[in-house]
Number of protein chains: 2
Amino acid sequence: MKLQQLKYLCEIVKQNLNLTKAANALHTSQPGVSRQIQLLEQELGIEIFTRHGKRITHITQPGAAILEIAQKMLRDADNLKKIGQEFNDKESGTLIIATTHTQARYVLPPTIKRFIKRYPRIRLSLRQGSPTEISSWVSSGEADLAIATEAIELFDELIMLPCYEWNRSVIVPPQHPLLEIEELTLEALAQYAIVTYDFAFTGRSKINQAFAAKGLKPNVVLTALDADVIKTYVEIGLGVGILAKMAFDTERDTGLRVIDAAHLFEPSTTRIGIRRDSYIRHYIYDFIEMFAAHLDMDTVKGLLENPERLLSSVVSHK
Amino acid sequence: MKLQQLKYLCEIVKQNLNLTKAANALHTSQPGVSRQIQLLEQELGIEIFTRHGKRITHITQPGAAILEIAQKMLRDADNLKKIGQEFNDKESGTLIIATTHTQARYVLPPTIKRFIKRYPRIRLSLRQGSPTEISSWVSSGEADLAIATEAIELFDELIMLPCYEWNRSVIVPPQHPLLEIEELTLEALAQYAIVTYDFAFTGRSKINQAFAAKGLKPNVVLTALDADVIKTYVEIGLGVGILAKMAFDTERDTGLRVIDAAHLFEPSTTRIGIRRDSYIRHYIYDFIEMFAAHLDMDTVKGLLENPERLLSSVVSHK
DNA sequence: ATGACTTACGATAAGCGTAAAAATA
DNA sequence: TATTTTTACGCTTATCGTAAGTCAT
């Protein structure tokens with residue numbers, strides 16, 4: 001059994017059981033891939049794929065079990081290489097951060113500025129996506145860290161490190177009636193058309209919960225994937241916006257007025273997601289600490305080894 | 001990077017950094033092993049071993065990190081092979097049980113009898129050792145299951161499945177004064193020389209605790225590794241014995257008298273220990289269920305995935 | 001001087017890529 | 001017929017084992 005065979009196997013699955021595409025992705029020849037898979041099947045004494053004549057159609061039940069372990073082994077092989085790099089040159093390497101629009105645009109910039117100054121030789125890249133995509137990237141090893149607010153608790157190979165709590169603001173055009181009210185209420189909000197996040201994003205469910213708890217049905221006229229779209233439509237008068245507090249920039253967003261709404265909704269917690277069994281290089285610990293000062297290396301290491309402890313720390317945030 | 005290189009690496013460490021012995025154990029030549037390790041070090045860009053001239057003396061810090069992952073990968077490779085066997089022939093394979101004298105001699109026989117009748121083509125082997133040895137065998141993959149009472153909670157890659165509770169009996173020669181007492185007490189026991197288990201074994205600590213709690217200092221004149229030695233010395237009048245209840249056989253041990261002592265000591269729980277990340281073949285689940293009827297396949301799978309749940313079930317046993 | 005690892009080298013075997021064949025859709 | 005996988009074959013490369021060399025204890 002060879003690691004390369006396992007790599008071939010994983011790539012074939014990744015390419016939807018298309019051997020030709022897998023061979024291309026692996027920069028090698030189809031016959032070679034075909035052959036190695038046959039050898040692997042022969043050695044394990046199992047048909048990993050079901051074939052209709054000469055066409056691969058499905059993965060078999062044992063094949064799926066084998067795939068899972070193979071993926072794990074390849075991740076471990078990557079970890080070995082990372083250890084090598086780590087001890088060779090602690091200042092160089094790559095860091096791939098998967099995150100959402102809100103984080104990338106409004107939260108991460110200062111941290112990233114500090115990081116690239118401290119580690120100029122690290123190739124840093126940001127990958128933007130939905131919370132679900134983000135999680136799956138980290139889960140599959142395509143990214144090192146996920147930074148988001150929702151839907152990252154679903155993957156249980158990810159450890160979620162709570163970073164900070166935040167809440168919402170309401171934004172309205174200048175001279176909007178809501179600006180006259182003494183204290184903003186959900187009832188008042190519900191009288192206007194609302195522009196806010198899409199369901200999968202940025203604590204949207206907390207917004208729904210708050211209205212539902214009071215028996216209110218908010219009139220949501222637009223669900224956007226990011227705060228900039230929300231702002232745009234609030235500016236043209238489509239409705240009032242509900243967005244993350246940190247997504248409002250007093251200096252830049254001069255065409256809008258902001259009303260704090262922290263008393264109306266449950267706070268949300270932004271978390272860093274990280275694979276449980278990945279080898280974490282020194283500068284990654286450093287990045288995490290730059291982003292959330294309480295998450296120093298020892299703390300993170302402790303949480304990675306004893307994920308149960310997370311429960312208590314998360315609860316204490318609520 | 002090749003799996004074989006990792007295998008070489010692990011074997012060298014296992015053989016106390018002796019390359020020659022490792023090569024012999026691997027049925028290959030020293031130069032081959034030497035070369036492959038060099039290639040691995042070169043590929044990872046790391047010195048795995050420190051050498052004094054041409055002699056390997058220590059493993060380096062990164063080397064230790066690499067070793068750990070390498071071992072994990074090799075275990076996964078074994079799991080792949082096991083999956084192959086599992087789907088080829090569910091009725092054949094091997095099962096290595098690491099256990100203590102008490103279990104092997106007094107508890108396991110009926111279960112094993114049933115098992116070999118049900119699975120005549122499984123090569124079953126028992127390996128007897130101290131609780132610590134047992135745990136390390138399972139931990140390293142040399143054995144599939146550990147069955148014992150103590151000291152197996154220490155390895156955190158092992159999941160411990162509670163099987164049954166038991167307590168002690170006191171054994172004495174015929175016509176011993178203790179047989180006349182209405183209800184046995186620790187105070188009464190403490191007046192006689194005591195023969196019992198060695199510290200590492202079979203709930204010995206529970207015995208110490210019970211005496212200590214009453215401020216008694218038992219006069220332990222012999223600590224044995226197994227119940228048969230205890231019986232022998234009780235028979236020749238060295239003292240009274242304290243041993244696991246199930247280790248007394250009314251039919252066979254005719255030269256001794258037994259007094260129940262379950263009210264004097266905290267009960268102990270016998271557990272099955274199993275590696276968290278091992279692939280568990282069908283017949284192993286079956287064996288576990290034969291040994292402890294409440295541990296059916298679904299239950300065990302659940303516990304392996306969510307070890308936290310064990311805590312509650314263990315607590316409820318106390 | 002013995003034990004232990006590394007280097008050198010020839011034989012064997014494994015893997016790769018091109019070309020051709022087979023089989024599905 | 002076009003796409004995809006398998007088989008065939010020659011070439012390159014890597015691996016293994018023996019033998020010789022080098023370095024500590």
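Labels below follow one simple rule: chain letters A, B, ... track the order of the sequence lines, proteins then strands, and each chain is numbered from 1.
Rounded to an integer number of Å, the gap from B/Arg55 CZ to C/dC5 P is 7 Å. As a whole-Å value, the separation of A/Lys21 NZ from D/dT3 P is 12 Å. Rounded to whole Å, the distance from CG on B/Asn16 to P on C/dC5 is 12 Å. Rounded to an integer number of Å, the gap from B/His52 NE2 to C/dG3 C1' is 17 Å. Between the C1' atom of C/dC5 and the CG atom of B/Leu9 lies a distance of 16 Å, rounded to the nearest Å. Taking atom CD1 of B/Ile56 as the reference point, atom P of D/dT25 lies 13 Å away to the nearest angstrom. Per the geometry, CG belonging to A/Asn24 stands 10 Å off P belonging to D/dT4, to the nearest Å. One atom, CD of B/Gln42, and another, C1' of C/dT6, lie 14 Å apart when rounded to the nearest Å.
At the phosphate of D/dT7, OP1 or OP2 sits under 4.0 Å from a side-chain N or O atom of A/Gln38. Listed pair A/Ser34 / D/dT5 fails the phosphate criterion, with no side-chain N or O lying under 4.0 Å from OP1 or OP2. The shortest distance between the side-chain N/O atoms of A/Thr20 and the OP1/OP2 oxygens of D/dT3 is not below 4.0 Å. Between A/Asn18 and D/dT5, a side-chain N or O to OP1/OP2 separation shorter than 4.0 Å is present.
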Checklist entry - How does protein contact run along nucleotides 13-21 of chain D, one letter per nucleotide 5' to 3', with B for base contact, S for sugar-phosphate only, - for none, heavy atoms under 4.0 Å? => result --SSBBB-B
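Among all heavy-atom pairs drawn from B/Ile48 and B/Glu41, the shortest one is N-OE2, 2.7 Å.
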Checklist entry - What do the steps show when you test A/Phe287 against A/Tyr283 for ring pair (Phe, Tyr, Trp, His ring centres under 6.0 Å), and what is the final call? => result CA-CA 6 Å; A/Phe287 179 90; A/Tyr283 58 80; 9.6 Å; no
Checklist entry - How far apart are the C-alpha atoms of A/Leu40 and A/Met1, what are their side-chain angles, what is the distance that settles it, and do they pass the side-chain contact (heavy atoms from CB on, under 4.5 Å) test? => result CA-CA 6 Å; A/Leu40 181 61; A/Met1 183 193 321; 4.1 Å; yes
Checklist entry - Can you check side-chain contact (heavy atoms from CB on, under 4.5 Å) on A/Asn24 and A/Gln15, steps first, answer last? => result CA-CA 10 Å; A/Asn24 287 334; A/Gln15 303 288 343; over 6 Å; no
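Among the protein residues, A/Leu26 comes within range of no part of the nucleic acid, since none of its heavy atoms lies under 4.0 Å from any strand. Nucleic acid contact for A/Ile37: none, since no nucleic acid atom lies under 4.0 Å from a heavy atom of the residue.
B/Phe87 carries B/Lys90 over the face of its six-membered ring, with the cationic atom under 6.0 Å from the centre and within 45° of the normal.
Counting non-hydrogen atoms of other residues, nucleotides and ligands closer than 6.0 Å to NZ of B/Lys82 gives a total above 12. The number of heavy atoms from other shown groups lying within 6.0 Å of CD (A/Gln38) is above 12.
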